[in-house]
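Read through the structure below, which is laid out as structure tokens, and then see the notes.
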Amino acid sequence: MGQAILVVGGGMSGVSAALEAAEAGYDVVLVEKNPYLGGRVAQLHQYFPKLCPPYCGLEINFKRIKSNPRIQVITMAEVTAIEGEPGAYKATVSQAPRYVNEKCTACGLCSEAVEATVPNPFNYGLDEIKAAYLPHEMAYPFRYVIDGSIVEGDQGAKAKEACPYDAVDLEDQGSETVIEAAAVVWAAGWSPYGPAKIEYYNFAANPNLISNVQMERLAAKGGPTEGKIQRPGDGAEPKNVAFIQCAGSRDVNHLPFCSTVCCLASLKQATYVREQLPGAEVTIYFIDIRAMDRNEDFYSQVKADEKINFVKSKIGLIESDGEGNLILEGEDTTSGERFKAEHDLVVLATGMQPNTDLTKIPADMVYDEYGFVQAAEGIFGAGTVRRPSEVHVSVQDGTGAALKAIQLVAGR
Amino acid sequence: MDKNYACYLCKGCGLGEALDFEALEEALEDSDISEVKDHEALCSPEGVALIQADIDGGVNAVLIGACSARVKTDEFTFGKEVLVERVPLREQGLWCSEAEYEDEEEAGEDRQMLADDYLRMHAAKLGKAEIGEPFQLEEDVEKGVMVVGGGVAGINAALAAAKAGAPVCLVEKEDALGGYLGKMAKLGPQSPPYQELQDTGLEELVAEVEAADNIKVFTGATVEKTEGAPGNFSVTLSNGESFRAGAIVQATGWNPYEAEKLADELAYGTSDKIVSNVQFEEKAKAGDLGGINGVAFIQCAGSRDENHLPYCSAVCCLVSLKQAMYVKEANPEAAVYVIYKDIRTPGQSEEVYRQAQELGVVFIRRGEDYPAISGSGPFAIETQDVTLNDTVEIEDLDMVVLATGMVPNNPSVVEPPLVALGMDQDEAAKLAEEAKAASDDWSVLNLEYRQGPNLPTLKYGYPDSHFICFPYETRRTGIYAAGAVRRPMRVTQATEDATGAALKAMQSTRAAEAGVAVHPRSGDDTFPDFFMQRCTQCKRCTEECPFGAINEDAEANPLPNPTRCRRCGVCMGACPERIISFTDYSVDMIGSMIKSIEVPDEDEEKPRVIVLACENDALPAIDLAAKNGAKWSPYVRFIPLRCLGSLNLVWIADALASGIDGILLFGCKRGDDYQCHFIKGSELANVRMSKISETLDRLVLESDRVRVEEIGFGEVDKIPGILDEFMETMEEVGPNPYKGF
């Protein structure tokens with residue numbers, strides 16, 4: 001395997017890099033931190049501009065992975081060290097314990113047997129999930145996970161006892177392996193910028209103030225509300241929803257860059273609201289609407305909806321009215337007047353923070369001041385670790401990174 | 001092949017308790033399968049070892065009654081010499097079939113009949129399947145790549161492929177490489193801290209191309225003719241040169257939106273000081289920007305305008321910021337205005353916007369209306385300023401720059417509407433003629449394809465097909481679009497895009513060599529085989545193939561090109577003579593599955609419904625619904641299809657003739673925002689079905705018995721409701737009168 005390509009990150013860029021390299025005839029090891037592949041797109045309800053389900057494309061990609069013996073997938077794992085040079089790397093892969101081995105049939109008996117619950121990371125903490133769980137309904141690999149918190153004690157024992165297939169392994173210690181690779185594609189993706197960091201929005205104090213990634217889960221059938229868009233605070237149907245663009249983006253105190261997708265994401269989420277709640281009003285507070293290329297058609301289509309209003313304004317303060325509604329304060333840059341507006345559900349369009357800003361690649365790499373990876377020889381950034389991007393750019397970039405990696409293998 | 005069958009039944013996941021395994025074995029009595037074994041957990045190492053031991057002993061056709069073929073794929077794959085047919089007893093038998101019963105015994109009976117049927121159906125399919133040899137071109141597979149277009153995308157595609165070992169022929173219509181990159185003075189800021197203008201780097205790129213011994217450059221040449229198929233294209237150039245190519249990257253770039261069309265709105269043509277952004281760039285490159293004390297850039301000049309280019313060209317804001325920086329560099333005191341609708345500087349390029357503001361560039365946000373330009377130099381502009389909510393006037397402008405957009409340099413193709421079998425031929429010909437007239441009449445590749453010389457296009461002439469998930473896929477196998485021809489994009493993005501396209505091209509020559517499919521059925525080594533003696537030259541296959549894989553000879557005989565084929569089976573569905581088959585998928589196989597369903601007598605009041613379902617979207621959605629605990633009638637049997645477009649109408653007749661009461665067709669979303677991985681499959685099925693009601697009328701059957709539904713991952717929760725409602729309809733229309741015949 002010395003001529004393998006190591007791909008770190010199993011989201012859209014990483015899966016693309018792995019598949020495209022493998023289908024060109026190269027061996028690939030794909031390392032993913034989550035217990036499943038798909039990354040952030042797996043958590044989306046729909047893609048813009050076609051409003052289609054991400055699983056349509058992911059299913060094909062997973063099918064390609066399943067039928068390709070050249071790809072080895074390691075989930076719940078991180079690359080903690082990389083040594084060597086272009087053409088000859090040794091990477092340390094640390095795999096966390098899943099406590100469920102490959103004998104799992106996904107029958108669900110362990111989950112039924114366990115009563116303990118844990119916050120559901122897939123739904124961004126909007127609900128709880130059994131401590132023995134399938135990460136989400138379409139998860140690939142289709143295998144359960146047991147949360148480390150119940151391993152010692154009766155709950156873990158119950159899970160183990162319930163499994164007829166000897167698939168629950170409470171002794172799982174995880175593993176550490178060294179993988180030899182000619183090149184590395186680093187596609188570790190992004191994290192939503194923490195809305196609580198924007199102090200003037202008082203995120204933590206207002207349950208009916210949510211982030212855009214949470215909105216995706218509220219709209220998704222597999223989400224905490226089975227797809228019903230409702231206020232987390234009281235479960236009520238919202239009638240007057242606000243989207244605040246550039247929440248922490250294009251802001252030198254937070255993320256100085258533009259995250260590229262948030263405008264389109266909010267336009268898309270506005271359609272979720274309008275389709276599900278025909279009586280609801282939507283207001284989008286924005287600086288510039290950035291609907292690039294053919295996505296402009298989608299913007300035009302959303303703009304044509306009379307119940308979706310656009311207000312050019314930077315919202316400076318969000319406060320509670322004490323009864324669950326939110327009061328937004330800002331300046332309408334069109335009229336120049338300061339205004340207050342009341343909404344019953346507010347979505348913050350927060351941006352993409354590159355995961356390489358949060359956790360550096362364990363090798364000598366160059367980053368820009370925001371933590372985006374710069375070009376290097378041998379370890380190639382791909383996708384949103386290089387720039388905030390849409391899905392198609394992540395696919396494109398993963399494919400390109402795969403060829404750069406192949407050049408190192410082929411050149412040997 | 002000589003088949004040595006065995007069937008393995010799993011008792012895990014509740015199957016053991018729910019089903020009578022002796023009965024299951026009996027269900028296979030009429031099949032060729034006599035060896036039936038069961039195991040408590042077939043996917044366990046012991047279960048797999050049981051199967052492997054038999055394979056080692058000579059078994060080569062395995063029927064596995066366990067879970068869906070989408071799971072446990074590693075466990076139940078036994079190499080290329082063994083046929084494996086999976087029977088989804090768990091997902092489509094057990095999980096979904098616990099609808100409410102008063103009588104436990106009846107529930108068990110219905111579930112057993114369901115499992116028995118599934119076993120028989122898949123045994124029938126296995127009985128007809130063969131292991132074939134992958135298709136091999138008669139000629140040696142050519143591994144070289146032709147890159148058309150010598151701009152930034154084309155040069156980078158050529159370099160990327162060459163560095164990975166593929167020989168490249170790079171074709172450029174101008175006398176020198178470079179494209180629009182060659183016309184640029186500088187690039188905008190591309191690297192940290194994203195504030196400095198940068199060199200274009202073209203000279204280095206060209207030097208690299210010249211130094212590469214496996215890149216052959218043809219300048220001053222266009223493609224006159226492209227014949228053949230992936231692995232074996234023969235290309236003839238306008239200069240008379242010819243060569244073979246295994247795959248093609250089309251990187252033909254873009255053309256500026258014609259500023260002449262903006263004469264009314266923006267006074268273009270009234271002065272040589274009102275210029276397009278491309279002209280301004282040329283001046284900058286010529287060092288001709290001296291003496292500018294005032295300049296205005298008008299953004300979205302024709303872009304985001306339904307009378308001109310409705311889309312956004314994605315680069316013009318950054319181009320104007322760069323050009324504003326040129327002016328400020330030459331004359332820091334110059335008054336520079338950018339009149340815009342939205343400033344679109346994505347990602348780190350927000351820094352460029354910030355930098356321009358630092359340099360004193362004045363930004364005026366206009367509304368939808370174009371600014372009014374007056375004077376013949378110096379100019380004045382009157383424009384809305386929506387920030388001030390007022391009209392503002394700017395004077396003393398030496399130049400006005402119109403930020404015009406990018407049009408893909410690719411001929412736009414309008415396809416005729418899909419034609420139902422039996423449609424009036426004159427009418428069909430008229431529709432085809434109209435579509436042709438609405439298409440551009442020039443070509444880049446001049447493909448010798450029966451369906452025309454150009455890549456089919458989506459809106460605005462972009463030649464892609466799934467622009468979110470699979471951006472490189474055109475509808476012609478082995479031909480990939482890169483750079484601004486497939487989407488408006490900047491130089492850096494085109495560079496990256498080209499690298500990926502080069503890999504796709506190399507992959508497709510490798511697939512041609514191995515005789516396997518490329519995306520989306522990557523690695524599939526089956527291919528459509530035509531039994532030509534029975535062909536009636538009806539042209540359905542050559543017209544309907546979404547990928548233009550089938551040519552035609554002068555007598556209208558189909559000439560398949562398997563390396564162009566994506567293995568969707570649309571041709572198989574189209575063929576009224578049923579002469580097109582794959583070794584593991586054929587009209588006969590699916591027909592046999594349908595006929596192996598046991599249909600109870602009318603007086604038992606147990607109707608039978610089959611669902612012919614797309615295996616890419618609908619079937620996984622069904623699995624998912626079942627996993628989520630959805631329940632539906634145990635009288636429903638699902639049959640997976642490669643694509644709903646492979647639906648052959650004879651199956652409907654087969655089903656109705658064998659007493660099946662109703663037929664549902666599950667395909668994916670149709671229309672402009674189609675989700676079909678094979679582009680038109682679902683739509684084709686729908687068109688074919690439009691003719692079915694006539695057939696039903698002739699058989700004195702209610703057309704309610706057959707229905708097409710759009711089912712994908714977005715409709716998981718709707719599946720039980722659709723099935724329930726269809727079962728109610730079956731109750732209303734009553735049993736199929738052909739039952740028992």
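Chain A is the first sequence line, chain B the second, and so forth, proteins listed ahead of strands; every chain is numbered from 1. All heavy atoms count here, side chains included; hydrogens, waters and symmetry mates do not.
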Check: Which atoms of A:I287 come close to chain B, meaning under 4.5 Å heavy atom to heavy atom: side chain ones, backbone ones, both, or neither?
Finding: backbone

Note to self: Between B:T345 and chain A, with a heavy-atom cut-off of 4.5 Å, which part of the residue counts as in contact: side chain, backbone, both or neither?
What the structure shows: both

Checklist line | Side-chain (B:R344) to main-chain (A:I289) donor-acceptor, under 3.5 angstrom | finding: yes

Checklist line | Intermediate values then yes/no, side-chain contact (heavy atoms from CB on, under 4.5 Å), A:F142 and B:R70 | finding: CA-CA 10 Å; A:F142 199 54; B:R70 294 175 56 255; over 6 Å; no

Checklist line | Contacting region of A:D368 [heavy-atom separation from chain B under 4.5 Å] | finding: both

Next item on the list: Go through A:M292, A:Q396, A:R143 and name the one with the most non-hydrogen pairs under 4.5 angstrom from chain B.
Entry: A:Q396

Next item on the list: Before giving the answer on side-chain contact (heavy atoms from CB on, under 4.5 Å), spell out for A:F257 and B:E351 the whole-Å C-alpha distance, their side-chain angles and the decisive distance to 0.1 Å.
Entry: CA-CA 7 Å; A:F257 53 88; B:E351 286 297 351; over 6 Å; no

Check: Under a 4.5 Å heavy-atom cut-off, does chain B meet the side chain of A:C163, its backbone, both or neither?
Finding: neither

Notebook entry, point to check: Between B:N616 and chain A, which part of the residue has a heavy atom less than 4.5 Å away: side chain, backbone, both or neither?
Noted result: both

Check: Hey, which of B:M506, B:E40, B:R90 has the most heavy atom pairs under 4.5 Å with chain A?
Finding: B:R90

Next item on the list: For each of A:A106, A:A21, A:S259, A:G108, tally heavy-atom pairs with chain B at distances under 4.5 Å, and name the one with the top tally.
Entry: A:A106

Notebook entry, point to check: Between the side chain of A:K50 and the main-chain N/O of B:I468, is any donor-acceptor distance below 3.5 Å?
Noted result: no

Check: Between B:K459, B:R487, B:K341, B:R354, which residue shows the highest count of heavy-atom pairs closer than 4.5 Å to chain A?
Finding: B:R487

Check: Highest number of heavy-atom pairs under 4.5 Å with chain B: which of A:Y370, A:Y47, A:F48?
Finding: A:Y370

Item checked: Side chains of A:D293 and B:Y462, donor plus acceptor under 3.5 Å -> no

Next item on the list: Give, as side chain, backbone, both or neither, the part of B:L458 having an atom under 4.5 angstrom from any heavy atom of chain A.
Entry: side chain

Check: Measuring heavy-atom distances to chain A, does B:N156 have an atom under 4.5 Å in its side chain, in its backbone, in both, or in neither?
Finding: neither

Note to self: Do B:P488 and A:R294 make a side-chain contact, defined as non-hydrogen atoms from C-beta onward lying under 4.5 Å apart?
What the structure shows: no

Checklist line | Non-hydrogen side-chain atoms of B:R365 and A:D288 separated by less than 4.5 Å | finding: yes

Notebook entry, point to check: With a 4.5 angstrom heavy-atom cut-off, which part of B:D617 approaches chain A: side chain, backbone, both or neither?
Noted result: side chain

Item checked: Part of A:P164 lying under 4.5 Å from any heavy atom of chain B -> neither

Item checked: Point-to-point distance, once rounded to the nearest 0.5 Å, from SG of A:C246 to CD of B:E350 -> 7.5 Å

Item checked: Donor-acceptor pair, side chain of A:Y55 and main chain of B:G712, under 3.5 angstrom -> no

Checklist line | Top contributor to chain A interface from B:A621, B:S44, B:P620 [non-hydrogen pairs under 4.5 Å] | finding: B:P620

Margin query: At a 4.5 Å cut-off on heavy atoms, which part of A:P49 comes close to chain B: side chain, backbone, both, or neither?
Written below: both

Next item on the list: Could you grab the distance from atom CD of B:E75 to atom CD of A:E102, nearest 0.5 Å is fine?
Entry: 7.5 Å

Notebook entry, point to check: So how far is it from A:M138 CE to B:K627 NZ, rounded to the nearest 0.5 Å?
Noted result: 12.5 Å

Check: Roughly how far, to the nearest 0.5 Å, is the NZ atom of B:K669 from the CG atom of A:L51?
Finding: 7.0 Å

Next item on the list: Check each atom of A:A291 against the heavy atoms of chain B and say whether the ones under 4.5 Å are side chain, backbone, both or neither.
Entry: both

Notebook entry, point to check: Below 4.5 Å, heavy atoms only, C-beta onward: do B:D717 and A:E226 meet side chain to side chain?
Noted result: no

Item checked: Contacts of type side-chain hydrogen bond (donor to acceptor under 3.5 Å, both in side chains), residue B:Y674, not counting sequence neighbours -> none

Next item on the list: Mind listing the closest non-hydrogen atom pair of A:R290 and B:I343 along with its distance?
Entry: NE-O, 2.7 Å

Note to self: Is B:E306 in contact with chain A via its backbone, its side chain, both, or neither, using a 4.5 Å heavy-atom distance?
What the structure shows: neither

Checklist line | side-chain contact (heavy atoms from CB on, under 4.5 Å) evaluation trace for B:C312 with A:Y299 | finding: CA-CA 11 Å; B:C312 158; A:Y299 177 31; over 6 Å; no

Check: Closest heavy-atom contact between A:A24 and B:R510?
Finding: O-CD, 3.1 Å

Next item on the list: Under 4.5 Å, counting heavy-atom pairs only, tell me which of A:K221, A:K66, A:E20, A:R64 racks up the most with chain B.
Entry: A:E20

Check: Who wins among B:H519, B:H466, B:R521 for the most heavy-atom pairs under 4.5 Å with chain A?
Finding: B:H519

Check: If every non-hydrogen atom of A:Q407 is compared with every non-hydrogen atom of B:L159, which pair is closest and at what distance?
Finding: NE2-O, 4.4 Å

Margin query: Does B:Q357, at its CD atom, have more than 12 non-hydrogen atoms belonging to other residues, nucleotides or ligands within less than 6.0 Å?
Written below: yes

Checklist line | Which of A:E137, A:K404, A:M352, A:K103 touches chain B most, by non-hydrogen pairs under 4.5 Å | finding: A:E137

Notebook entry, point to check: Under a 4.5 Å heavy-atom cut-off, does chain A meet the side chain of B:M489, its backbone, both or neither?
Noted result: side chain

Checklist line | Side chain / backbone / both / neither for A:Q46 at chain B, heavy atoms under 4.5 Å | finding: neither

Check: Pick from B:A164, B:C13, B:G165: which one has the most heavy-atom pairs with chain A under 4.5 Å?
Finding: B:C13

Notebook entry, point to check: When you look at CG of B:D672, are more than 12 heavy atoms from neighbouring residues, nucleotides or ligands closer to it than 6.0 Å?
Noted result: no

Next item on the list: Could you tell me which portion of A:N68 (side chain, backbone, both or neither) has an atom closer than 4.5 angstrom to a non-hydrogen atom of chain B?
Entry: neither

Next item on the list: Can you see which heavy atom on B:P310 is nearest to which on A:E296, and at what distance?
Entry: O-CG, 3.4 Å

Checklist line | Closest non-hydrogen atom pair, B:F467 against A:H392 | finding: O-CB, 3.2 Å

Item checked: Where B:H677 and A:C56 come nearest, the two heavy atoms and their spacing -> NE2-O, 3.3 Å

Notebook entry, point to check: For the atom pair NZ (B:K163) and CG (A:L408), what is the distance rounded to the nearest 0.5 Å?
Noted result: 10.5 Å

Next item on the list: Show the numbers, then the answer: is there a side-chain contact (heavy atoms from CB on, under 4.5 Å) between B:F470 and A:T399?
Entry: CA-CA 10 Å; B:F470 305 107; A:T399 311; over 6 Å; no

Notebook entry, point to check: Excluding sequence neighbours, so at least two apart, what forms side-chain hydrogen bond (donor to acceptor under 3.5 Å, both in side chains) with B:Q675?
Noted result: none

Next item on the list: Find out whether A:L58 and B:F713 are in side-chain contact, i.e. whether some heavy atom of one side chain is under 4.5 Å from a heavy atom of the other.
Entry: no

Next item on the list: In plain terms, say whether B:E496 and A:R387 are close enough for a salt bridge, that is, a side-chain N and a carboxylate O under 4.0 Å apart.
Entry: yes

Check: In Å, rounded to the nearest 0.5 Å, how long is the span from CD1 of A:I65 to OG of B:S522?
Finding: 11.0 Å

Notebook entry, point to check: B:A314, B:G347, B:P192, B:C469: which one forms the most heavy-atom pairs within less than 4.5 Å of chain A?
Noted result: B:G347

Note to self: Taking side chain as everything from C-beta outward and backbone as N, CA, C, O, which of these in A:S67 sits under 4.5 Å from a heavy atom of chain B? Side chain, backbone, both or neither.
What the structure shows: side chain

